[in-house]
Amino acid sequence: MIAHDQYRVAFDLYQKGYEWWFPAFGLIFVAIGAVLVWLGRAMNWHRSRRFVGYFMIGFACLWSAVTFSTTFREYTALRSAYRRSQFSVIEGRVTNFRPMPYQGHQDECFSVQSQTFCYSDYVVTAGFSNSASHGGPIREGLPVRISYIGNTIIRLEVESDTAP
């Protein structure tokens, strides 16, 4: 086992914060829909042409609400469990490392002892998701200490001497 002072924090849920940009992205389409509705009224378009604007507004509001509720619920649940120390910790060397290709199309996975973790830069999550192909720190043989809930990494510490 590696001494605690030999680790540095590579990821911590508290440092990451909530990724508000993902649900907020739908608001762009609310604005586009509103412009289409306004133009339709100003230019006296037939109601069926204005329907596209109304549809965009409705769909974008629904999409934003659903993505916000699911991602924020995950974030607050993980933070709450983290704050109450309701997580597991595993320490050891990274084995069975399978990096994610730069373009995605498969998750990056690795094991520490008997626990396997998988994640992707292309999935919005409150937990760790920085693949090696996009600058993440994980690689085969790296000594790590991981705090996790289920399969979600909430804190990743890597050995200081090997940290990128």
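No experiment lies behind these values; they were computed from the predicted model shown. Sequential numbering from 1 along the given sequence is applied to the chain's residues.
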Should Ile57 and Leu36 be marked as a side-chain contact (heavy atoms from CB on, under 4.5 Å) after you check the CA-CA gap, both sets of side-chain angles, and the distance that decides it? CA-CA 10 Å; Ile57 292 169; Leu36 288 174; over 6 Å; no
Does the side chain to side chain donor-acceptor pair (under 3.5 Å) test come out yes or no for Glu108 and Tyr119, once each step is laid out? CA-CA 5 Å; Glu108 180 164 286; Tyr119 50 87; 2.5 Å; yes
Could you check Ile154 against Phe87 for side-chain contact (heavy atoms from CB on, under 4.5 Å), going step by step and ending with a plain yes or no? CA-CA 9 Å; Ile154 58 171; Phe87 56 86; 3.8 Å; yes
Walk me through whether Glu91 and Val112 qualify under side-chain contact (heavy atoms from CB on, under 4.5 Å). CA-CA 7 Å; Glu91 189 172 346; Val112 175; 6.0 Å; no
Set out, in order, the CA-CA distance, both residues' side-chain angles and the distance that settles side-chain contact (heavy atoms from CB on, under 4.5 Å) for His134 and Met100, then state yes or no. CA-CA 9 Å; His134 291 116; Met100 181 187 82; 3.6 Å; yes
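Among residue pairs with one or both ends in residues 122-135, none qualify as salt bridge (charged side-chain N to carboxylate O under 4.0 Å, His left out); sequence neighbours excluded. Among residues at least two apart or in separate chains, side-chain hydrogen bond (donor to acceptor under 3.5 Å, both in side chains) pairs with a member in residues 22-43 are Arg41-Tyr54. Identified under the side-chain hydrogen bond (donor to acceptor under 3.5 Å, both in side chains) test for residues 59-71, with sequence neighbours left out: Tyr18-Thr71.
Taking 4.5 Å as the limit, some side-chain heavy atom of Leu156 sits within range of a side-chain heavy atom of Val144. Between Leu13 and Arg155 there is no side-chain heavy-atom pair separated by less than 4.5 Å. Contact of the Trp21 side chain with the Val124 side chain is registered, since non-hydrogen atoms from C-beta on lie closer than 4.5 Å. By the 4.5 Å heavy-atom criterion applied to side chains, Phe110 and Thr95 are not counted as neighbours. No side-chain heavy atom of Asn96 sits under 4.5 Å from any side-chain heavy atom of Thr116. For the pair Ser111 and Val94, the minimum side-chain heavy-atom distance is 4.5 Å or more.
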Kindly list each side-chain donor-acceptor pair under 3.5 angstrom involving residues 72-82, sequence neighbours excluded, with atom names and distances?
residue: Glu74; atom: OE1; partner: Ala126; partner atom: N; Å: 3.2
residue: Glu74; atom: OE2; partner: Thr125; partner atom: OG1; Å: 3.0
residue: Tyr75; atom: OH; partner: Arg79; partner atom: NH1; Å: 2.9
residue: Thr76; atom: OG1; partner: Phe72; partner atom: O; Å: 3.0
residue: Thr76; atom: OG1; partner: Arg73; partner atom: O; Å: 3.2
residue: Ser80; atom: OG; partner: Arg84; partner atom: NH1; Å: 2.2
residue: Tyr82; atom: OH; partner: Asp12; partner atom: OD2; Å: 2.7

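Gly127 approaches Thr152 most closely through the heavy-atom pair CA-CG2, 3.6 Å. Closest heavy-atom contact between Gln115 and Gly150: NE2-O, 3.8 Å.
If you take CD1 on Ile90 and OH on Tyr148, they are separated by 5.0 Å, rounding to the nearest 0.5 Å. With rounding to the nearest 0.5 Å, the separation of CD in Gln113 from CZ in Arg93 is 12.5 Å. For the atom pair Ser160 OG and Gln6 CD, the distance stands at 7.5 Å (nearest 0.5 Å). Between the SG atom in Cys118 and the CG atom in Asn151 there is a gap of 6.0 Å [rounded to 0.5 Å]. Ile138 CD1 to Phe97 CZ: the interatomic distance, rounded to the nearest 0.5 Å, is 7.0 Å. The OG atom of Ser147 sits 13.0 Å away from atom CZ of Phe128, with the distance rounded to the nearest 0.5 Å.
Note: the hydrophobic cluster containing Val89 also contains Tyr14 (ILVMFWY, side chain heavy atoms under 4.5 Å, direct or indirect links). Grouping the Ile, Leu, Val, Met, Phe, Trp and Tyr side chains by contacts below 4.5 angstrom, directly or via other members, places Trp20 with Phe68. Ile28 and Phe22 end up in the same hydrophobic cluster when Ile, Leu, Val, Met, Phe, Trp and Tyr side chains are linked at under 4.5 Å.
A donor and an acceptor atom, one from each side chain of Ser129 and Asp121, are nowhere located under 3.5 Å apart.
Scanning for disulfide (SG to SG under 2.5 Å) contacts around Cys61 gives an empty result, with sequence neighbours left out. Remark: Glu19 engages Lys16 in a salt bridge (Lys or Arg N to Asp or Glu O under 4.0 Å) (not counting sequence neighbours).
Taking the six-membered ring for Trp and the full ring otherwise, Phe29 and Phe59 have centroids separated by 6.0 Å or more.
At most 12 heavy atoms of other shown residues, nucleotides or ligands fall within 6.0 angstrom of atom CZ in Phe25.
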